[in-house]
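Below is one structure, written out as structure tokens; the observations come after it.
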Amino acid sequence: MKKKIMGITAGRKNSNSEILLKEALWACQEAGAEVTMINLRDYNILDCTGCTACTHGMSQGKNVGCTLDEKDDKKAIMEVMLEQDGVIFSTPTYDLMGCAMMAKFLQRGLSYETSFLEAINAIEHRDRVGGLIAVGGSTRSWMSMALESIQAGMFTTDINVVDMYLATRIPASSQCLLHDDMLERARLVGENVLKAASTPVEERKWLGDPDMGWCPNCHSNALILGEPQWDGLHYPIECQVCGAGGTLEKTEAGSWKFVIQEDGLERDRTTVEGRSKHLVEISHTQGGFYTKENLDIVQAKIGKYKNMTFPSI
């Protein structure tokens, strides 16, 4: 049976992000995959309103979907995307991060959070693989969160990222066509995604640059100082993307590396088990809010802020 691979871009038509994605998809198609591609600029995607209806429903054991499901194209896209074996995302970089169009699409994914939906037996588990491409006009210095900002949106739908590529110093439209090495690297993203999709789940592994990123778990290049979490769990250093916890150790060569400690994958966001801990947290913090005492306090105080106005423009 043919593997299904989908490409999703948020870049300009016929420019760098779309071209590199097409090169990756072309490799998949030549290898026999069934390929689909969309540009998010062709669709109406509304911002998440922050209503929390989806998570509130899930914490009560219900799958209520998103309140915007019938108002834009997000659900129609997701119905296709969730049937894929692999998905490749491509985005331009604005202000160090993937563009707002891609972020808007990914941040509407909470109502599809598989770990939550599986916990209430609303869906069956399905593994998917993914590849990421980010494009920008500078070096990593001005693209430092481009891949990581997209990577953070992969967890909700169980997309296991197997390769990532940061295409740098191509600010002009279609400038990537001057660099055959970029086209070849994008093609490799497609080949790696299809290879992973064709590999048994238990044998899948990272196929990108083995030395990419600080984190040996998700290969992101972003670490933060750890702080106590809602239940007291504390890691000295955390991967900003996957949540792996550990510390920094100096190597014999004098450089530094991030070493994940024994219980450092307890909150691993790349796994259903790790993300399910977040459902417990939401049930505790959000569910614990809806008491008569709390609601009475809010009701007594909120009038001040409802009546508070400032000059606008």
Kindly indicate, with the supporting measurements, whether the criterion side-chain hydrogen bond (donor to acceptor under 3.5 Å, both in side chains) is fulfilled by Gln229 and Asp231. CA-CA 6 Å; Gln229 299 187 32; Asp231 59 351; over 6 Å; no
Between Thr114 and Arg126, does a side-chain hydrogen bond (donor to acceptor under 3.5 Å, both in side chains) hold up when you go through it step by step? CA-CA 9 Å; Thr114 57; Arg126 177 168 180 170; over 6 Å; no
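Among all heavy-atom pairs drawn from Pro236 and Gly246, the shortest one is CD-O, 3.4 Å. Of all heavy-atom pairs between Gly61 and Ile120, the closest is CA-CG2, 3.5 Å. Between Glu70 and Lys75, the shortest heavy-atom distance links the atoms OE2-NZ, 3.7 Å. When all heavy atoms of Met101 and Ala10 are compared, the closest pair comes out as CG-CB, 3.9 Å. Nearest heavy-atom pair across Cys242 and Thr270 is CB-CG2, 4.0 Å.
Taking the charged nitrogens against the carboxylate oxygens, Asp163 and Arg185 do have a contact shorter than 4.0 Å, which makes a salt bridge. Salt-bridge formation is detected for the pair Arg187/Glu30: a Lys NZ or Arg NE/NH1/NH2 atom is positioned less than 4.0 Å from an Asp or Glu carboxylate oxygen. Comment: Arg108 engages Asp72 in a salt bridge, judged by a side-chain N to carboxylate O separation of less than 4.0 angstrom. One finds a salt bridge joining Glu18 and Lys22 here, because a Lys/Arg side-chain nitrogen approaches an Asp/Glu carboxylate oxygen to under 4.0 Å.
Within a 6.0 Å radius of CZ in Arg41, more than 12 heavy atoms belonging to other residues, nucleotides or ligands are found. Heavy-atom contacts from other residues, nucleotides or ligands closer than 6.0 Å to CG of Leu178 number more than 12. Applying the 6.0 Å contact sphere to NE2 of His234 captures more than 12 heavy atoms from other residues, nucleotides or ligands.
You'll find the side chain of Cys239 stays beyond 4.5 Å of the side chain of Trp214, heavy atoms only. A heavy-atom distance below 4.5 Å is found between the side chains of Trp142 and Leu96. The shortest side-chain heavy-atom distance between Gln175 and Asn16 falls under the 4.5 Å cut-off. In this structure, Thr156 and Leu106 have side chains that are not in contact, with every pair of non-hydrogen atoms separated by 4.5 Å or more.
Hydrophobic cluster membership differs between Leu188 and Val161, with clusters built from Ile, Leu, Val, Met, Phe, Trp and Tyr side chains linked at under 4.5 angstrom. Both Met182 and Val135 are assigned to one and the same hydrophobic cluster, defined by single-linkage of ILVMFWY side chains at heavy-atom distances under 4.5 Å. When the side chains of ILVMFWY residues are joined at heavy-atom separations under 4.5 Å, either directly or via intervening members, Ile159 and Ile150 end up in a single hydrophobic cluster.
The main-chain N or O of Arg269 is found under 3.5 Å from a side-chain atom of Arg275 such that the two form a donor-acceptor pair. With hydrogens and angles ignored, the 3.5 Å screen pairs a side-chain donor or acceptor of Ser90 with a backbone N or O of Ser17.
Pairs engaging residues 233-260 under the salt bridge (Lys or Arg N to Asp or Glu O under 4.0 Å) rule: none recorded [sequence neighbours left out]. Counting only residues at least two apart or on different chains, no ring-ring contact (aromatic ring centres under 6.0 Å, His included) pair has a member in residues 87-131.
Using a 3.5 Å distance cut-off with no hydrogens or angles, the side chains of His278 and Glu281 do pair a donor with an acceptor.
Residues that satisfy the side-chain contact (heavy atoms from CB on, under 4.5 Å) test with Ile38, not counting sequence neighbours, are Met6, Ile8, Leu40, Tyr43, Ile77.
Between Tyr290 and His56, the ring planes lie tilted relative to each other; the angle falls in the 30° to 60° range.
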